[in-house]
Student: 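I'd like to ask you about the structure that follows.
Side-chain atoms are counted along with the backbone in the values below, which use heavy atoms only and exclude waters and symmetry mates. Reminder, nothing fancy here: chain letters follow the sequence lines and each chain counts from 1.
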Amino acid sequence: MVLDISRAADMRGIAATADGLRIGALVTHSELVRSPLVREFAPVLAEAARTIGAVQTRNLGTLGGNLATGVPSMDSGPALLALEARVTVAGPRGTRTLALGDFFVGPRRTALATDELLVDVVVPAASLGKPASFLKFGLRKGQALALVNVAAAVRVDPDRRAFVAPRIALGAVAPTVIRAPQAEAFLEGRPPTSEAMAEAGRIAATEARPISDFRASADYRRELVSVLARRALAAACARAQGAQ
Amino acid sequence: MSALRITVNGREHVLSAPPETTLLALLREHLGLTGAKLGCDVGDCGACTVLVDGQAVNACLMLAAQADGRSVLTIEGLATPDGLHPLQEAFERHAALQCGFCGPGAILSAKALLDANPAPTGAEIRDALAGNLCRCTGYTKMITAVHAAAQALRGAGAEMPPLGLTASPSIPLPGGEKGGGLS
């Protein structure tokens, strides 16, 4: 049996709420790219959505669908993980809220029970407007799966000239999309220098657990993590300092 | 069976089809509209691209039931009795197609782009066509043709936007410019 949920109105729409930015699971990637709310409060999610598939895919494919695949190379996962998003799941036993990191269980496996639906994603108020960047490395520009993708979100304290709450998320280099907590801890409170960001990239590469497959070797993917994490941090940092 | 009411190329159809019928199968097998092609059948090649409520989609990935109540445009609905659409004319003039298998999809992707963005850059055209794979002509002539059609649709004499890196200048054709007189 096929049950089409694409017109379930309460799973659509993007709204600014007291909790943060609520994005219905049925919002398409094209809608994310165009949404004024996303572009203002969580532009990194629009950056990631823009790299998914081609126009045709983005017009039909949804944020909830992308997350619920549990595929480690998904593009919306790292952007949302860097923003510490939460997801709402509903089923016959009621509704529950999970950190997105707990939603991903393994390759193509999520915390969804067979009778549950992913209903929405909430980017928490504390992360709205947090300077961030998403980078993806594929084998070509159009319709490419990520060999590695990285999102970084940082705040920079202008008085102490220090990183505050740096967040780094990695895709396609572990059984699920993951954070790089050791690299984050290294940066916390440190001055935003290019040396510190390069070292954080190297640490993130040691936290990745990539596999070798027909697209790339594990060593190549680790090297990509190091470079992309450094560049994503630098781009997020430049945005943080540009905003001050 | 799913009961469907779908507008295709301006004409409303009331149909019933098994629930697993894709929009592509409905168009090709139930309505005899074979312009949209069955290529990869997994949403990679774009040969089945049609517009649903103005948006380009892969008809192989959409169930017919999901198009219930919506308006579908296929390549058969693009030309009028008076002539080809400017995009079709430009694809012909610039030799943007060889075998033509990808053509209906590529032209409809380009139409969705130009409807939303009448003066796209080369990069925007490449992004709009990224989901339409061509295995014979290549993409350069398609990009040139979309630029030319955009110019024709904006009205003759409009400034041509700078070409993107992979776009080649259009080759003048015998008979001079014929951009005017198109709807």
Student: Could you report the tightest heavy-atom contact between B:Gly131 and A:Ala54, atom names first, then the distance?
Tutor: CA-CB, 3.3 Å

Student: Considering non-hydrogen atoms only, spot the tightest contact between A:Arg7 and B:Gln66 and give its length.
Tutor: NH2-O, 2.8 Å

Student: Which one of B:Leu113, B:Asp68, B:Leu133 has the most heavy-atom pairs closer than 4.5 Å to chain A?
Tutor: B:Asp68

Student: Which residues in residues 2-29 of chain B have any heavy atom closer than 4.5 Å to a heavy atom of chain A?
Tutor: none

Student: Does any heavy atom of chain A fall under 4.5 Å from the side chain of B:Ala112, the backbone, both, or neither of them?
Tutor: neither

Student: Any non-hydrogen side-chain atom of A:Gln56 less than 4.5 Å from a side-chain atom of B:Asn132?
Tutor: yes

Student: Quick one: does B:Arg126's side chain have a donor or acceptor within less than 3.5 Å of a partner on A:Gly142's backbone?
Tutor: no

Student: Chain B heavy atoms under 4.5 Å from A:Arg58: which part of the residue, side chain, backbone, both or neither?
Tutor: side chain

Student: Mind checking which of residues 41-60 of chain B sit less than 4.5 Å from chain A, heavy atom to heavy atom?
Tutor: B:Gly43, B:Asp44, B:Gly46, B:Thr49, B:Gln55, B:Ala56, B:Val57, B:Asn58

Student: Measure A:Asn59 against the heavy atoms of chain B and call it side chain, backbone, both or neither at under 4.5 Å.
Tutor: both

